[in-house]
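These notes are about the structure you will find just below.
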Amino acid sequence: MTASNEQRIALVTGASRGIGAEIAKALARQGRHVILSARNEEKLQEVHSQITSAGGTASVVVCDVTDHTALAKTIEDIAGQHKRFDILVNNAGITRDNLILRMTDEEFDQVIHTNLRSVFVACRAALRPMMRGKWGRVINIASVAGIVGNPGQANYAASKAGLIGLTKTIAKELAAKNITANVVAPGFTQTDMTDILPQQVKDFVLTATPLRRYGQPEEIAAAVAYLASEDAGFTTGQVLTVDGGMTMC
Ligand code: NAP
């Protein structure tokens, strides 16, 4: 809640499962009204039920982030309906892994379009209503791959590194408007995205992770909830890595 006790409005993309679903639940526990967005309406409704049965408030908006016109309109509609737009969590993301010598233009473009261009579009649409409210939180979900690279993920690593530059620029441009912008960069987290990886990759990750375990979506969500909180008002332009120590130097 705000100092004036008005409920803040948060949009979480990719909220139908995995990390996004847990981010939505964490923000709802903070007292935000959470708008859950993704393509799969049935799964979004499941997350909605979990939030409301735990005493939170949420609503569902089906939106494919690769439809950039629809994405911008979704944000404008939310801001119009609620007369405010406070928190934007750009979490929807995909992988299309291939070694660079075999990677097609389509694989590269699809990942950039989904993971990076959509975030630019969403931020551009959300920042104006945040400015009107004189308060805002942008949290973009990148990856350790965007910081240290990862074989087979030239497209994905480029998209996530791009998110870091985009977020830092937003932080600088909007700081005077009391809007913060930060990145959470997860390491290997147990979700559908990582379930499909070969066992040898999973085994390697464990040996490369000082905490010797995989991350859980709730642990990524906790970092996002902090950055979205009133307490995080002096934190902007940062990359919070949540990776079990994998990329520490
Ligand atoms: P996930 O289990 O595969 O879930 C991806 C989410 O994104 C789903 O809710 C999916 O919903 C949504 N999504 C995908 N394409 C979309 C589109 N075109 N339009 C709208 N929504 C779309 O992935 P995750 O592991 O939770 O990953 C969440 C974020 O964390 C991603 O940005 C990912 O890159 C990042 N990340 C994950 C890990 C990890 O180890 N898991 C590590 C680092 C970073 P629908 O299918 O219903 O549309």
Margin query: As an exercise, state the distance from OG of S16 to CG of L44, rounded to the nearest 0.5 Å.
Written below: 5.0 Å
Notebook entry, point to check: Is the side chain of K160 donor-acceptor paired with the backbone N or O of I141 at a distance under 3.5 Å, no angle test?
Noted result: yes
Check: Taking atom types as modelled and ignoring hydrogens, do the side chains of N182 and Q238 form a donor-acceptor contact shorter than 3.5 angstrom?
Finding: no
Notebook entry, point to check: Are any side-chain N or O atoms of D86 and backbone N or O atoms of I9, one a donor and one an acceptor, separated by less than 3.5 Å?
Noted result: yes
Margin query: Test your reading of the model: is there a side-chain donor-acceptor pair from R32 to the backbone of A228, 3.5 Å cut-off?
Written below: yes
Margin query: Could you check whether any side-chain N or O of K134 sits under 3.5 Å from a backbone N or O of M131, counting only pairs where one atom can act as donor and the other as acceptor?
Written below: no
Margin query: Under 3.5 Å, is there a donor on one side chain and an acceptor on the other for H33 and T57?
Written below: yes
Check: Where the side chain of T191 meets the backbone of I19, is there a donor-acceptor pair that is under 3.5 Å apart?
Finding: no
Note to self: When you measure from the side chain of Y214 to the backbone of V205, do you find a donor-acceptor pair of N or O atoms at a distance under 3.5 Å?
What the structure shows: no
Check: Would you say the side-chain atoms of D64 and T66 include a donor-acceptor pair closer than 3.5 Å?
Finding: yes
Check: Is it true that a side-chain atom of T209 and a backbone atom of R212 form a donor plus acceptor pair closer than 3.5 Å?
Finding: no
Check: Should we say atom CD of Q200 is surrounded by more than 12 heavy atoms from elsewhere, each under 6.0 Å from it?
Finding: no
Check: To the nearest 0.5 Å, what is the distance between CZ (F188) and CG (L206)?
Finding: 8.0 Å
Next item on the list: Not counting sequence neighbours, which residues clear salt bridge (charged side-chain N to carboxylate O under 4.0 Å, His left out) with R96? List them please.
Entry: none
Check: For R39, which residues count as a salt bridge (charged side-chain N to carboxylate O under 4.0 Å, His left out) partner, sequence neighbours excluded?
Finding: none
Got a list of side-chain donor-acceptor pairs under 3.5 Å for residues 165-177, not counting sequence neighbours?
from: T167; atom 1: OG1; to: N140; atom 2: ND2; distance (Å): 2.9
from: T167; atom 1: OG1; to: L163; atom 2: O; distance (Å): 2.5
from: T169; atom 1: OG1; to: G165; atom 2: O; distance (Å): 2.9

Item checked: Backbone of T189 reached by a side-chain donor or acceptor of Q216 within 3.5 Å -> no
Margin query: Looking at T13, is its backbone amide N or carbonyl O close enough to the side chain of N91 to form a donor-acceptor pair, meaning the two atoms are under 3.5 Å apart?
Written below: yes
Notebook entry, point to check: Do D192 and R17 sit within salt-bridge range, that is, some charged N less than 4.0 Å from a carboxylate O?
Noted result: yes
Next item on the list: State the CD-CG distance between Q45 and N40, to the nearest 0.5 angstrom.
Entry: 10.0 Å
Check: Which residue pairs satisfy the side chain to side chain donor-acceptor pair (under 3.5 Å) criterion with at least one member in residues 142-154, sequence neighbours excluded?
Finding: D97-Q153, N150-Q153
Check: In chain order, what residues pass the ring-ring contact (aromatic ring centres under 6.0 Å, His included) check against H48, with sequence neighbours excluded?
Finding: none
Checklist line | Short side-chain to backbone donor-acceptor contact, R117 and T114, under 3.5 Å | finding: no
Item checked: NZ or CZ of R84 within 45° of W135 ring axis and under 6.0 Å -> no
Next item on the list: Using the side chain to side chain contact (heavy atoms under 4.5 Å, CB included) rule, take I139 and L88 through it: C-alpha gap first, then chi angles, then the decisive distance, then the call.
Entry: CA-CA 6 Å; I139 298 132; L88 173 65; over 6 Å; no
Margin query: Could you measure the distance from the CD1 atom of I112 to the OG atom of S159? Nearest 0.5 Å is fine.
Written below: 5.0 Å
Checklist line | Which residues share a salt bridge (charged side-chain N to carboxylate O under 4.0 Å, His left out) with D77, sequence neighbours left out | finding: K73
Checklist line | Check ion pair R8-E230 (N to O, under 4.0 angstrom) | finding: yes
Checklist line | Candidate pair L36 and V12, rule side chain to side chain contact (heavy atoms under 4.5 Å, CB included), full reasoning | finding: CA-CA 6 Å; L36 313 163; V12 181; 5.5 Å; no
Note to self: How long is the straight-line distance from CG of D203 back to OG1 of T207, given to the nearest 0.5 Å?
What the structure shows: 8.0 Å
Next item on the list: Measure the spacing between OG1 of T74 and CD1 of I35 and express it to the nearest 0.5 Å.
Entry: 10.0 Å
